[in-house]
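Structure first, commentary second.
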Amino acid sequence: MLASPIRGIIGAALTPFTEDGRVDYDALAREIEFLVADCDAISVAAVEASEYTVLSLQDRKEVMRRATEIINKRVPVILGASSHSIDTILDLAEHAAAVGGDLIQVLMPIRPWGGQPTMADLIQFFTEVASVSPLPIVAYHNPGPGADPPLDAFVRLSELNKVDYFKESSRDITKITRLIEQIQLAGKANYFTTMQPLLTTLMMGGAGATMPPPGTRIGARVVRAFRDGDIDKARYWQRCFTLFPGKWGAYGLPPIMKSALKHFGVDIGDPARPYSPVNPRDHAQIGQFLTQIGILGDGEPDEAAFDQAAVQLAQEDTFLR
């Protein structure tokens, strides 16, 4: 059991690949060192941006094991166990416990044959997962690859034994604020969102947000400024998420974040084959933006520089080819 609840930033580790499509564990180690510097916890093979869906079950387990070993208890570890199969979730959960993970993260699933589950289906699914998991659970909401249940389902899930955390990806402010009220502030579970509503989440009493690197470096500055009571600085860093990564969103999150990490000197390769990386022009554009806002190096908030960067980006197209 964790000594205290996780608060702040959960860094969602991306999976590095070599040119021949194998997992690059040396690059994973470099990425984890980057994450540990900013994050209050790290999730591994737990979100779709980690590209865990292209890994075999054996490779998923090995990524979980190696990452947990590298983290070495410096921060809590959340290991992905999402599947439509309860037996597979149990297998992954037992492996997560055996390698030293602190929690498992499980996607709220659509039905195996497609379509939204009923609320009763979803509650039964997590009831069965909780009954067999040796670790506490992060219930993961990501519409698209997973289910998008009504708000009442979240509250019901928060009342289940072992469902101690939520990772919610809708970016729906109405949903977020209500569920913070009914889950986090009601003392039922810890409620995390994602980059874009991070400051709103904190101000409304939520626990924080999950995001991949290097968004974690910006997110950590939002959290630090908020905790210090410097709302103007927190607002500045939150503004960065209005343009990054959304300006380049046509690529999808893994290509953008892997491109951005290279500007921090952390090269973890490109997306899993056969998917394309960010092209050289947009890669340079991402680096220029990160430099202008002051997140690269020892930069400081500069509203004028941010405004200039925003105007410049508005005038430039993003080329996805």
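Keep in mind that what you see is a predicted model, and the values were worked out from it rather than measured.
Between the side chain of Thr201 and the backbone N or O of Pro197 there is at least one donor-acceptor pair closer than 3.5 Å. Looking only at distances, a side-chain donor or acceptor of Arg30 sits under 3.5 Å from a matching main-chain atom of Asp267. Within the 3.5 Å criterion, the main-chain N or O of Asp20 finds a donor-acceptor partner in the side chain of Arg273. A donor-acceptor pair is defined here as one N or O able to donate and one able to accept, closer than 3.5 Å; such a pair exists between the side chain of Arg74 and the backbone of Ile71. Using modelled atom types, no side-chain atom of Lys233 and backbone atom of Ala225 make a donor-acceptor pair closer than 3.5 Å. A donor-acceptor pair under 3.5 Å is formed between the side chain of Asp121 and the backbone N or O of Thr118. Without hydrogens or angle criteria, Gln116 side chain to Ala147 main chain gives no donor-acceptor distance under 3.5 Å. Not a single donor-acceptor pair under 3.5 Å links the side chain of Gln182 to the backbone N or O of Val155. Not one N or O on the side chain of Asp270 forms a donor-acceptor pair closer than 3.5 Å with the backbone of Pro277. Side-chain N or O atoms of Ser56 include one that pairs as donor or acceptor with a backbone N or O of Asp59 at under 3.5 Å.
Considering only heavy atoms from C-beta on, Leu28 stays 4.5 Å or farther from Ile268 through its side chain. Annotation: side chain of Met204 is not in contact with side chain of Gln184 (no heavy-atom distance under 4.5 Å). The shortest distance between side-chain heavy atoms of Ser133 and Leu90 does not fall below 4.5 Å. Proximity of Pro149 to Met108: side-chain heavy atoms (C-beta onward) are separated by under 4.5 Å at one or more points. In this structure, Thr194 and Gln196 have side chains that are in contact, with non-hydrogen atoms separated by less than 4.5 Å. Within the 4.5 Å cutoff, no side-chain heavy atoms of Ile293 are placed close to those of Phe244. Counting heavy atoms from C-beta outward, Phe306 and Trp237 have side chains that stay 4.5 Å or more apart. Taking 4.5 Å as the limit, every side-chain heavy atom of Asn142 sits out of range of all side-chain heavy atoms of Val47.
Here the closest heavy-atom approach between residue Leu135 and residue Lys162 is recorded as O-CD, 4.1 Å. Between Leu14 and Pro212, the shortest heavy-atom contact is CD2-CB, 3.8 Å. Listed here is the closest heavy atom pair of Phe264 and Ile295: CE2-O, 3.8 Å. Heavy atoms only, all atoms of each residue included: Ala49 and Leu253 are closest at CB-CD2, 4.1 Å. Here the closest non-hydrogen pair linking Phe17 and Ala272 is CE1-CB, 3.7 Å. Between Asp152 and Met119 the shortest heavy-atom distance is C-SD, 3.9 Å.
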Exercise for review: Before giving the answer on side chain to side chain contact (heavy atoms under 4.5 Å, CB included), spell out for Leu92 and Ile104 the whole-Å C-alpha distance, their side-chain angles and the decisive distance to 0.1 Å.
Suggested key: CA-CA 9 Å; Leu92 289 168; Ile104 59 166; over 6 Å; no
**Study point:** side chain to side chain contact (heavy atoms under 4.5 Å, CB included) between Ile137 and Asp164, intermediate numbers included
**Key:** CA-CA 6 Å; Ile137 298 163; Asp164 291 351; over 6 Å; no
Practice item. Assess whether side chain to side chain contact (heavy atoms under 4.5 Å, CB included) is satisfied between Asp307 and Val311, documenting all intermediate values. Key: CA-CA 6 Å; Asp307 292 341; Val311 169; 5.6 Å; no
Exercise for review: I would like to know whether Arg7 and Asp40 meet side chain to side chain contact (heavy atoms under 4.5 Å, CB included); could you show each step before the answer?
Suggested key: CA-CA 7 Å; Arg7 296 284 189 275; Asp40 302 282; 6.0 Å; no
Exercise for review: Just do the side-chain hydrogen bond (donor to acceptor under 3.5 Å, both in side chains) check on Gln308 and Gln312 with the steps written out, would you?
Suggested key: CA-CA 6 Å; Gln308 181 182 358; Gln312 183 176 341; 5.1 Å; no
Check your understanding: Can Glu48 and Tyr140 be said to form a side-chain hydrogen bond (donor to acceptor under 3.5 Å, both in side chains), step by step?
Key -> CA-CA 11 Å; Glu48 283 66 43; Tyr140 173 33; 2.6 Å; yes
Practice item. Please test Asp102 against Lys73 for salt bridge (charged side-chain N to carboxylate O under 4.0 Å, His left out), starting from the C-alpha separation and ending with a verdict. Key: CA-CA 9 Å; Asp102 296 292; Lys73 301 186 183 301; over 6 Å; no
Exercise for review: Show your working on salt bridge (charged side-chain N to carboxylate O under 4.0 Å, His left out) between Glu303 and Arg239 and close with a plain yes or no.
Suggested key: CA-CA 10 Å; Glu303 295 279 356; Arg239 280 187 74 194; 2.7 Å; yes
Review point. Passes salt bridge (charged side-chain N to carboxylate O under 4.0 Å, His left out), Asp172 versus Arg178? Steps please.
Key: CA-CA 10 Å; Asp172 181 332; Arg178 177 176 160 189; over 6 Å; no
Practice item. Would you check, one step at a time, whether the test salt bridge (charged side-chain N to carboxylate O under 4.0 Å, His left out) holds for Lys61 with Asp91? Key: CA-CA 10 Å; Lys61 289 182 175 181; Asp91 184 20; 2.9 Å; yes
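Geometrically, Arg221 does not engage Tyr236 in a cation-pi contact, judged by NZ or CZ lying under 6.0 Å from the ring centre and within 45° of the ring axis.
A continuous path of hydrophobic side-chain contacts links Leu79 to Ile42 [ILVMFWY only; heavy atoms under 4.5 Å]. Neither Ile89 nor Val63 shares a network with the other; the hydrophobic side chains, linked directly or stepwise wherever heavy atoms of I, L, V, M, F, W or Y lie under 4.5 Å apart, form separate groups for each. Hydrophobic clustering (ILVMFWY, side-chain heavy atoms < 4.5 Å, transitive): Ile256 and Leu296 are in one cluster. Hydrophobic clustering, with ILVMFWY side chains joined whenever heavy atoms are under 4.5 angstrom apart, keeps Ile86 apart from Tyr52. In the hydrophobic clustering of this structure, Phe34 does not group with Val23; members are Ile, Leu, Val, Met, Phe, Trp, Tyr whose side-chain heavy atoms approach within less than 4.5 Å, directly or through other members.
A distance of 10.0 Å separates CG in Asp302 from CD in Gln292, rounded to the nearest 0.5 Å. Rounding to the nearest 0.5 angstrom, the gap separating the OG1 atom in Thr193 from the CG atom in Leu179 is 11.0 Å. In this structure, the separation between OG1 on Thr210 and CE on Met195 is 10.5 Å, given to the nearest 0.5 Å. Taking CZ of Arg65 as the reference point, atom CD of Glu62 lies at 4.0 Å (rounded to 0.5 Å). Between Asp38 atom CG and Arg217 atom CZ the span is 4.0 Å, to the nearest 0.5 Å. Between atom CD1 of residue Ile123 and atom CZ of residue Arg156 there is a gap of 5.0 Å, rounded to the nearest 0.5 Å.
In summary, the aromatic rings of Phe166 and His141 are positioned with their centroids too far apart to meet the 6.0 Å limit.
Shown here is Tyr275, whose OH atom has no more than 12 heavy atoms of other residues, nucleotides or ligands within 6.0 Å.
In the hydrophobic clustering, where aliphatic and aromatic side chains (Ile, Leu, Val, Met, Phe, Trp, Tyr) are joined below 4.5 Å either directly or transitively, Ile78 groups with Leu2, Ile6, Ile10, Leu103, Val138, Tyr165, Phe192.
With no hydrogens or angles considered, a side-chain donor-acceptor pair links Ser170 and Glu168 at under 3.5 Å.
Comment: Glu31 does not engage Lys258 in a salt bridge, judged by the lack of any side-chain N to carboxylate O separation of less than 4.0 angstrom.
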